[in-house]
Amino acid sequence: MTIHLHRVAALTAALIMGAGSLAACGANDDDSDNDSGGDDTASGGTIALLLPESKTTRYEAFDKPLFEAKVAELCPDCEVDYYNADQDEQKQAQQLTSALTAGAGVVVLDPVNGAGATGMVQEAQSQDVPVIAYDRFIEGADYYMSFDNETVGKMQAEALVEAVGDKGDILMLNGAPSDPNAAQFKAGAHSVLDSSGVTVLEEYDNPDWSPENAQQWTTDQLSKYDPSEIVGVYAANDGQAGGVVAALTGAGVARNQLPPVTGQDAEVAAIQRILAGEQAMTIYKPIAIEAETAAEVAVQLVNGEEPGTTSDTGVDQSDFEGVTSYIFDPIVVTQDNVADTVVADGFYTPEDICTGDYVKACEEAGIS
Ligand code: GAL
């Protein structure tokens, strides 16, 4: 159950965070008399960052570099020890043990399997190493940060219901059951779909979020149903949306006849499809605010400080399932607001998006 979430308008909060945060983060408060003075950055320490996979572009293109840059800015003597689990739970458990052996003072963990990661949290905590559950919730973690995942699912479903005119049969592709966010996206989406005029014809929980599985499953459905029966597709993320579009075109649907397909993560390929009219929407998560908040909290913890409330971090703490949390707002992106969101925000430059086949669609959307 979600208790009393304070939400932050992510775009504005990103601006707030830039100014003056951690100004009070001198090392080791109790011997501040002996500080040489004038230095308002933190002392040192190793921060382990464990991310779950690399097929979804966000992790290595945004989360990792943004986190590392913020740590370097706040604590030049801190080190980030980075691991990617490639969607392998056991590999991630070994990576945690390695990180602890290598001297991590705090662990930032985005678990492959949320429920299965409680043991990893306990392993770290038994060595007095606090754990930040990054993006995906882990019971017993010291801190948690994420976007409001149930709202993500609601926003996707609302956009789809609207795009299909609130009637007809859809396919539904959810995320990996091991990912706690996937359950939240799915619950949020169902809360809208189940009381709409749309019928979910078939539903799939993709075991690893992969575009390949999404394509295969959709291809299988298209051997049972005529593509013309499918008025829309709920895909929980952009990787799967790409697989769905490949399956539909593979089954002979023309690119300009595709039904509305949803997504999430604002991957560049999805933004291009949106501009070209091949995907209805995506969810943009301004990852800087999440990665930078994680970096701030991690630096405070590695220096033995209590992560603060708004005044220290620039964003509000809240409570999610009993864990101190920072929850940010997702943003819907459609053809109409690509320019005002991911481009205006600097998430992508026009050059990133307007390549090859997409130059014309960019011009039409006023992006250049
Ligand atoms: C989720 C994450 C999403 C997305 C998804 C895979 O856990 O919150 O942003 O990356 O995994 O696409």
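Heavy atoms only: backbone and side chains are in, while hydrogens, waters and symmetry mates are out. First listed ligand is number 1; within each ligand, the first listed atom is number 1.
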Novice: Any luck finding a side-chain donor-acceptor pair between Gln92 and Asp88 under 3.5 Å?
Specialist: no
Novice: Run the numbers for me: atoms of ligand 1, each under 4.0 Å from some heavy atom of Asn237, listed by number.
Specialist: 6 (C), 12 (O)
Novice: Who's the nearest protein heavy-atom neighbour of atom 2 (C) of ligand 1, and how far?
Specialist: Asp135 OD2, 3.2 Å
Novice: I'd like to know if Ile331 and Val342 are part of one continuous hydrophobic network [Ile/Leu/Val/Met/Phe/Trp/Tyr, side-chain heavy atoms within less than 4.5 Å].
Specialist: yes
Novice: Please list, in number order, the atoms of ligand 1 under 4.0 Å from a heavy atom of Lys285.
Specialist: 2 (C), 3 (C), 8 (O), 9 (O)
Novice: Which of the numbered atoms in ligand 1 are below 4.0 angstrom from a heavy atom of Asp179?
Specialist: 1 (C), 7 (O), 11 (O)
Novice: Is it the side chain, the backbone, both or neither of Tyr59 that has a heavy atom closer than 4.0 Å to ligand 1?
Specialist: side chain
Novice: Side chain, backbone, both or neither: which part of Asp265 has a heavy atom under 4.0 Å from ligand 1?
Specialist: side chain
Novice: Is there a path of hydrophobic side-chain contacts, each under 4.5 Å between heavy atoms of I, L, V, M, F, W or Y residues, that connects Ile132 with Leu49?
Specialist: yes
Novice: Counting from 1, what ligand 1 atoms have a heavy atom of Asn181 closer than 4.0 Å?
Specialist: 1 (C), 2 (C), 7 (O), 8 (O)
Novice: Any idea which atoms of ligand 1 are less than 4.0 Å away from a heavy-atom of Arg136?
Specialist: 1 (C), 7 (O), 11 (O)
Novice: Among Phe62, Phe347, Phe147, find the one that has a ring pair (Phe, Tyr, Trp, His ring centres under 6.0 Å) with Tyr284.
Specialist: Phe347
Novice: Determine the interplanar angle of the Tyr204 and Trp217 rings, folded into 0 to 90°, and report it as parallel if under 30°, tilted if 30 to 60°, perpendicular if over 60°.
Specialist: parallel
Novice: Is Val108 linked to Tyr143 within one hydrophobic cluster, defined over Ile, Leu, Val, Met, Phe, Trp and Tyr using a side-chain heavy-atom separation of less than 4.5 Å?
Specialist: yes
